[in-house]
Every structure is written in C-alpha cells, then in structure tokens.
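Chain letters run A, B, ... following the sequence lines, proteins first and then strands; every chain starts at 1.
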Amino acid sequence: MTLNPVDQPTFAITTPLYYVNGLPHIGSAYTTIAADVVARFYRLMGHPVLMITGTDEHGQKIQRTAEERGMSPQSHCDEVAAGFERLWELLNIDCDRFIRTTAPRHNVIVNEFFQRVWEQGDIYQGQQQGWYCVSCEEFKEERDLLSDQRCPIHTNKSVEWRDESNYFFKLSKYQEQLDQLYADRPDFIQPESRRNEVLSFVKRGLQDFSISRINLDWGFPVPTDSGHTLYVWFDALLGYITALQDPDEDPSLEQAVARWWPINIHLIGKDILRFHAVYWPAMLMSAGLPVPGRVYGHGFLTKDGQKMGKSQGNTLDPVELVKKYGADAVRYYFVREIEFGKDGDFNETRFINVLNADLANDLGNLLNRTLKMAARYCGDRVPEIDPQTISADNPLRAIGVSLTKTVAEAYTHLAFSQACTAILALVQASNKFVDDQAPWSLFKQGKQAETEAVLYAVLESVRQAAYLLSPIIPGISNQIYAQLGLTADFNDKAIGQGLNYAEQATWGYLPPGQPLGVASPVFQRLEPLEPVASS
RNA sequence: GGCUCAGUAGCUCAGUGGUAGAGCAGGGGACUCAUAAGCCCUUGGUCGCGUGUUCAAAUCACGCCUGAGCCA
C-alpha cells in the first residue's frame, strides 16, 4: 500500500523563535524535543510535515549584549544562532525550517504584514511613558518595581524612564472576536489551566499595545516611519509566517501562507502565552489571516526541585547533557518523565534510574534475550509463524492490537508520557510472557512449534514498540529494526511512505522466516551516580 | 490584595463519595534465554492541617498552612 503525501492534510508545528541573548538552555531544548517528537509522529502517519524553529534576534537587549561583548549585533546573533543549530543536531532534531528574524526575506514579510494591518486602520501613533525594563522589553507599572527602580523579574537591572512616541496596535478592537474564538474553539489554548489564565486576562478588557520603539537601531524600521523601530515581538511572531516559505523563493506574504498556513500547533513555554494566545491571533485577524490551530503552553523545568538560573548557580547545560548521555536518552527522559503541560524536574539519579529501567532493562534486554534465543532455537530467523494463527487471547497480541489507537491518541494530544507508559506496558508484558512460557524449557522438551510461537510474539512486540517509540528514540528504534533484520531509517523524513503507519503500527507485521541481525545491546546500562554527601 | 492550580508511599504521579493505587528506588525468593537484566513476593502512607455535611470523605463545603502561577 502506498500513500501519497499530498493525500494527507499538511501539518505544521512551531517552537518559539528563541531569543539569542545567550546560548540555548535546557528549557529551549525541552520545547524543541517535544516539537520534534510531534513532527516525527505526524511524518510516521504520512502527513506532509513542516517543523519550524529558529531565533528571535532583534531588540535592545540583544544590541546591548552584543555591545558588552564588543561585537556587532549581527555577529553576536550569528554566533548564538549557530549554537542553537548545533544543539538541535546533537539532539537529533532535524527541523524543516530554521528561521532567523534578521533574515532579509523576513523583513519583506514583516513589511507586507504591517501594511495589511495599517490599511485596516489598526495602527496609530500615541505617546507612551513609563518605566521600561530592557531585559523584559516591556513597560512596567511603578508599583510593581522593587526598590531602586529595579525590575521584579530582572532584579539586578534597573528600569529606565521612557517618554516616547510609539505606534500602537488596536488590540481592543478585537476583544469580541477573540472572545468568540476562545468560545468556539475550546482547544485553542492548552492545557486547560493556561486557557483559564488567558480567559481571565482577556475578560478584564484588552488594551492596545505598543508595536514600536524609538532610539533603537537593532530592528526593522516601521515601514511608514523610519524614525521608529518595530517592537521585537511584532517582528518575532511574524517569523512563523516567513518560515513557511522556501528560503529560495522570492519572499511574499501571499506565497508564504499558501501551503502551510494556518499552523497547526504553536508549542511554547508558558511565559509567552499571552503573546501567542492573545496578541498573535488579533494581529492575524487584522491582517485577514486565519488563526492557528492550537497554542500549547508547556511547563517549566526545575533541577533537583530548584528553579534553574545563572544567578542561582544551578543550570543544566543541554550540550553537556547530550554529550554525556546521548540524544535518545535525553529525549526519552524529558518526554517520558514529565507530564507535558506541567512543570517538571530534572534529577540525575532519577534520569539514570528511568533510562536503565525502561530502555536498558525492559526494552533493550527484552530484545537481546529474545534474539539470542531465536538465534539458538530458530536458526537466527524470525520463526515461521503466521501471526494470524496466534490466538487473539495471546496476551501480547491483545495488548498490541489495542496499543495502536491508544498511542496515536496520546501523541495527538501531546500526552507523550501516556504514550510511553502504554508502549512500555507491552514491553513489560513481553518480559513476563517470556518468563511464564520459558521458551528455553520448551526447546529442551523438543516443543519446537511452541518455542517458535512464543519467540515470534515477543519479537513482534519489540518491533511494534520500537516503531511506536521511534518519534522519541529514533536511534534506538533504528537499531532494533536493524537487529530484527528489517530495513528502516526513522530519521528519514519520508518515513511515513516507506514504513506505512497502518501496516507497521499494528501488531503482526514482522515477516516470518526473515533472517535476524546480530544481537547487541541497543542501550547500555548507565552507571549509577556515586552517592554524594550533601553539603 | 484578587483569582487559579497543586499538596496522596523515599521519588514521580494516578485515584474526585463506598475496605488507600502504579512506576521507580529499597528488601527477600525461585529461575537462567538475557545488558548481574527479567519474573514472583515484599517494606513503606494520621491521602497538607482543622471544622463541617454524610450511614460513609483522599474525594463535597468552609477556614487555615505551604508551594507554583496569572492579574492588579
């Protein structure tokens, strides 16, 4: 059965465009891993997929950071953006588009978009005065400030008094339309707790927001007034649109939204929820574009239960982590151990425990022990069993058959942890099945047919598990397929055409009689950490 | 200050009226195909605190404490 990708609806997903104030932190890695998992799952199902990530490079904060480093803003951005791309490569994340907001083609899209909104009469000039935090790139209320006029978020930075002429976007005009959007599409903002937050914010009444700054060089000029520079957020959100277009094409807003718009899922951290769930849809409405499918605000990560931050001195360097443990391990831990949407914790002991238990002991060892038996008892081939002859009551077949739907639903709901739990249940049942059936005894008793039936069921269960886990641990899935004698490259973006979901996601695919590969641990057990005396 | 969410086994969490659960970690056992893995058994909890409603509360109501968040 072949499936033409154009038969399937397109699927586009974004991470935030990360601010290049510094090298990527673990939180950015977390979001991007999640987006990659979703993208890979949709590719598996045969959808044409566009996964977008990138960097947000304008704004005063960047300008000043570059100055402090004695660099031009552009070379600072180039350096940091390259750091992001390297990390994605290390994590085995192959995004389809990496958009940088300093790209010239982005400027074209921004200008066109601005023009549309301008023609709607949704932009006007006004005066804004108040205390401005450069780190937040936001005006602050005086009563929110700490002593010495310091920003409550950036406690070591003083805010600056600004009294300037700005351009404003008429957000207030879209109050009713936004209310309607949230009412019509309860799934627009997820998870539920985030949605409630936005609803209560919007209910209080929306105020127009400033979309320009003066005295700022590092940004795009306001098309209608070159003395002003576009506010970094206005420009950054539009990066999602620019990214849709092939970089080689001439940039045009109309072309950009032709195929992949509207984006299906914006995956974001909960801190930037308002920009994505309120400002962004209003901007799109003004420009006459449909709004995205879902905005999903996930939680934050802590380390050993503590907030992470440079000032607290407890950060988790994603580059070090992935170099130490490998992409699959890091991907699996965050996806499996953290309930997506809620805050989650990183703890290295726990990290090691989970990976050893799930990947080395349960999954890896299951494959290994079964392959060794198949080599010895079945001539190094998949047993010649017609899967249809295996009883529907067979515990593995029963689980495997229902697993397909369970896992697909979990992935589509971004309930990665549930997907893992369901898949691991098959693996655990398989280990139990091996022990219960004791194929080594069956073989010694000369019960060849029974031995083969047991081993087939287990091998097939490992295969199904590997296929369904491939969006999360593509490297391990590749190894498992290879050892089962199957040809697969789960990093191939056309995977859904090569290894069709309808066929491979279900239990009973493994071709009988096929020569098996060489057994070798797919995930090496990690050494437990030496207990450290707490100081 | 207002509002929202959370507080259940050492850890991560499920359970929303009817005799306290899972996974991991810890302890014991039998087996041997296997990455000293797996399998079986098991230790462990006044379900944040208090009052109330009910025949019955982890679950409902009210108050409080602690933590996180949104808003002002």
Closest-nucleotide 5' rank along RNA chain B - winner of A/A429 and A/F523: A/F523
By side-chain hydrogen bond (donor to acceptor under 3.5 Å, both in side chains) - contacts of A/Q437 (at least two apart): none
4.5 Å side-chain heavy-atom contact, A/W507 and A/I390: yes
Check: A/G508 main-chain N/O paired with A/E460 side-chain donor or acceptor under 3.5 Å: yes
Donor-acceptor contact present, side-chain A/R331 to main-chain A/P471, <3.5 Å: yes
Short side-chain N/O contact to B/U35 OP1/OP2 from A/R369, under 4.0 Å: no
Sugar-phosphate only, base, or nothing, as touched by A/P521 at under 4.0 Å among non-hydrogen atoms: base
Counterpart residues, ring-ring contact (aromatic ring centres under 6.0 Å, His included), relative to A/F209 (two or more places apart): A/F169, A/Y279
Strand-adjacent residues in residues 189-209 of chain A, judged by heavy atoms under 4.0 Å from RNA chain B: A/R194, A/E197, A/F201, A/R204
Dot-bracket summary - RNA chain B, pairs being Watson-Crick or G-U whose distances fall under 3.5 Å, with | when paired to another strand: ((((((((.[[[[.)..(..]]]].((((.........)))).....[[[[[..)....]]]]]))))))).
Qualifying residues under side-chain hydrogen bond (donor to acceptor under 3.5 Å, both in side chains), relative to A/N347, sequence neighbours excluded: A/D304
Stepwise side chain to side chain donor-acceptor pair (under 3.5 Å) check, A/N431 with A/R369: CA-CA 10 Å; A/N431 273 314; A/R369 68 196 298 210; 2.9 Å; yes
Between N or O atoms, less than 3.5 Å apart, protein on one side and nucleotides 11-14 of chain B on the other: list the pairs.
residue: B/U12; atom: O4'; partner: A/R350; partner atom: NH2; Å: 3.1
residue: B/A14; atom: OP1; partner: A/K342; partner atom: NZ; Å: 2.7

B/G48 versus B/A9 - spacing of their C1' atoms, nearest Å: 15 Å
Partners meeting side-chain hydrogen bond (donor to acceptor under 3.5 Å, both in side chains) with A/S477 (sequence neighbours left out): none
Span that lies between the P atom of B/G10 and that of B/G45, in whole angstrom: 7 Å
Non-neighbouring partners of A/K432 that pass side-chain hydrogen bond (donor to acceptor under 3.5 Å, both in side chains), sequence neighbours left out: none
For A/D122, salt bridge (charged side-chain N to carboxylate O under 4.0 Å, His left out) partners two or more places apart: A/K173
Under 4.0 angstrom between A/K432 side-chain N/O and B/C40 OP1 or OP2: yes
Close residues, residues 455-486 of chain A, relative to RNA chain B [heavy-atom separation under 4.0 Å]: none
Any residue meeting ring-ring contact (aromatic ring centres under 6.0 Å, His included) with A/Y332, in chain and number order, not counting sequence neighbours: none
B/A34 OP1/OP2 closer than 4.0 Å to side-chain N/O of A/R376: yes
Phosphate-side-chain proximity, A/N361 and B/G38, N/O vs OP1/OP2 below 4.0 Å: yes
A/Y509: partners by ring-ring contact (aromatic ring centres under 6.0 Å, His included), with sequence neighbours left out: none
